[in-house]
Protein chains: 2
Amino acid sequence: MLTPNPAVELSQTQMPPAPPVFPQPRDEGDFHTSSVPLNFARNSEIFAEGESAGYVYKIVSGVVRVSKLLPDGRRQISAFHLPGDMFGFEVDDVHHVSAEAIGPVKVLAYKWQSLLSNTSSSGFVHELLNRTMIGLRQTQDHLLLLGRKNALERLAAFLIEMVRRTGSDRSLQLAMPRHDIADYLGLTLETVSRMFAELKDAGIIKLESARQVSVLDMQKLEAMAT
Amino acid sequence: MLTPNPAVELSQTQMPPAPPVFPQPRDEGDFHTSSVPLNFARNSEIFAEGESAGYVYKIVSGVVRVSKLLPDGRRQISAFHLPGDMFGFEVDDVHHVSAEAIGPVKVLAYKWQSLLSNTSSSGFVHELLNRTMIGLRQTQDHLLLLGRKNALERLAAFLIEMVRRTGSDRSLQLAMPRHDIADYLGLTLETVSRMFAELKDAGIIKLESARQVSVLDMQKLEAMAT
DNA sequence: CGACTGGTTGACGAGGGTCAAGGACCGTGG
DNA sequence: CCACGGTCCTTGACCCTCGTCAACCAGTCG
């Protein structure tokens with residue numbers, strides 16, 4: 001996808017109609033560089049593994065999953081990105097992960113090369129370095145989770161992460177289905193469902209619905225995440 | 001460890017005597033910044049999780065493991081670093097991982113702040129951004145391994161990675177014990193040992209000794225790594 | 001030679017995957 | 001208004017991979 005015109009790509013299954021696209025460059029104050037606002041429909045692909053990487057994306061609204069696939073279909077989600085997060089930068093102009101919109105997503109797309117060459121953008125390089133280092137640290141934390149924690153600890157850690165990142169306190173709205181949570185935590189969706197039930201039976205959370213979780217005992221939840 | 005004088009810290013167990021330390025700053029061509037050569041003995045700590053992060057390290061010789069620990073002792077090694085690699089950079093002046101010398105290690109230590117403030121070092125920031133992005137990519141690949149691959153696939157991937165990184169072709173010298181390989185691959189040392197045996201029985205590798213591996217069939221090995 | 005670290009192998013069990021069935025919730029259309 | 005299809009979620013039964021525990025072996029250094 002070299003020319004960003006993604007909302008046309010509603011290939012996968014039948015999709016709710018994508019919001020209209022406005023491909024006119026706008027001047028965003030952020031990096032003294034023009035950005036293009038883009039809209040993506042639920043489950044549509046923002047970029048895929050192996051594609052040429054021309055743009056950096058900043059989320060305006062919605063949630064994005066970044067993942068890698070094995071040839072036989074096994075999938076590992078390496079991160080969920082929320083509004084304000086940036087993603088899509090690569091060293092060598094090739095995407096080594098793919099990114100998809102979990103629900104309807106609005107992003108700002110920045111042209112990668114113009115950002116780096118732009119002389120007034122040394123602040124941008126520092127910002128990018130910071131964000132990349134933070135991303136590296138979160139990914140290292142996730143390695144510990146995948147390599148050494150059991151299913152219950154993983155789900156507890158996930159819920160804590162989501163509570164913290166969404167800035168909510170007790171009530172938590174999950175943007176993603178069980179299957180995505182499973183692929184993020186290195187589990188199956190059945191195990192994720194069972195661990196939800198276990199936390200519920202222990203009186204630590206309350207399931208208003210599958211996507212709407214209330215944390216009843218944050219202390220205990222944090223203790224379970226080890 | 002704010003003042004680098006590490007070879008004195010031979011705390012853990014009885015250690016082979018550390019090579020002498022030469023703490024005089026030298027001018028290395030690399031980043032137009034002075035570096036301090038340091039030596040670390042086998043199993044000695046270069047820095048620990050939670051410590052203040054003042055230096056960036058570049059390996060001259062030896063192998064370093066970077067890891068995170070759970071309170072109950074479970075450990076995840078997030079990376080092995082070989083000569084030429086850099087490690088130790090953090091966003092917020094606090095180390096979120098620990099680093100230890102696997103065998104005797106020589107590094108060059110660069111003062112972190114002086115590198116970033118130095119006006120002539122914008123090249124350094126770009127280099128650091130590149131290295132961090134590469135590190136992030138490798139860590140994402142490792143997430144896929146830990147989250148979705150089985151024991152045999154993990155060991156095969158590890159051997160391929162080591163062959164590639166050491167630049168060797170058939171013969172591979174492993175710097176680390178089974179326990180470290182296990183903590184890198186999210187397995188136990190027994191399982192690692194069994195997978196070595198399995199690859200050996202399949203005629204894919206030959207174990208000259210525990211640390212000396214010959215790859216007999218690279219094709220098959222790559223096929224096993226999925 | 002003895003102590004120590006590191007590695008291999010076996011027996012057994014548990015945690016989580018697989019397979020299967022059914023329930024809850026939603027928007028659409030008759 | 002309700003039936004219908006689709007997506008998502010839950011729960012149960014069974015099984016397999018890998019962890020645990022234990023014994024033993026190999027190499028090395030004093």
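Everything numeric here is computed off the predicted structure, so don't read it as measured data. To find a chain, count down the sequence lines: A is the first, B the second, and so on, and within it residues start at 1.
- Taking atom CZ of residue A/Arg42 and atom P of nucleotide C/dC26, one finds them 14 Å apart after rounding to whole Å.
- Among all heavy-atom pairs drawn from A/Lys149 and A/Ala157, the shortest one is NZ-CB, 4.4 Å.
- Comment: A/Asp85 does not engage A/Arg131 in a salt bridge, judged by the lack of any side-chain N to carboxylate O separation of less than 4.0 angstrom.
- Atoms CG (A/Leu174) and P (C/dC25) sit 16 Å apart, rounded to a whole Å.
- Here C/dG6 presents its C1' atom at 15 Å from CG of B/Asp183, a figure rounded to the nearest Å.
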Compile the donor-acceptor pairs under 3.5 Å between side chains in residues 188-202 of chain A and protein atoms, sequence neighbours left out, one pair per line.
residue  : atom : partner  : partner atom : Å
A/Thr188 : OG1  : A/Thr191 : N            : 3.3
A/Thr188 : OG1  : A/Thr191 : OG1          : 3.1

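- A/Asn43 has its CG atom 11 Å from the C1' atom of D/dT7, to the nearest Å.
- No side-chain donor from either of B/Ser168 and B/Gln173 sits under 3.5 Å from a side-chain acceptor of the other.
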For a quick check, with a 4.0 angstrom heavy-atom cut-off, what is the B/S/- contact string for nucleotides 9-18 of chain D, read 5' to 3'? SBBBB----S

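- Between A/Ile77 and A/His142, the shortest heavy-atom contact is O-NE2, 4.5 Å.
- One interatomic measurement links the two molecules: CZ of A/Arg148 to C1' of C/dG16, which rounds to 16 Å at whole-angstrom precision.
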Produce the list of close N/O pairs, under 3.5 Å, pairing protein atoms with atoms of nucleotides 23-30 of chain D; give distances to one decimal.
none

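- Nucleotide C/dT8 holds its C1' atom 14 Å from the CD1 atom of B/Ile181, rounded to whole Å.
- Rounding to the nearest 0.5 Å gives a distance of 8.5 Å between CE of A/Met176 and CZ of A/Arg211.
- Relative ring orientation between A/Phe80 and A/Tyr184 is described as tilted, the plane-to-plane angle lying within the 30° to 60° band.
- Side-chain atoms of A/Ile181 and A/Leu174, non-hydrogen and from C-beta on, do get closer than 4.5 Å to each other.
- In this entry the distance linking CD1 of B/Ile205 with C1' of C/dT8 reads 13 Å, nearest Å.
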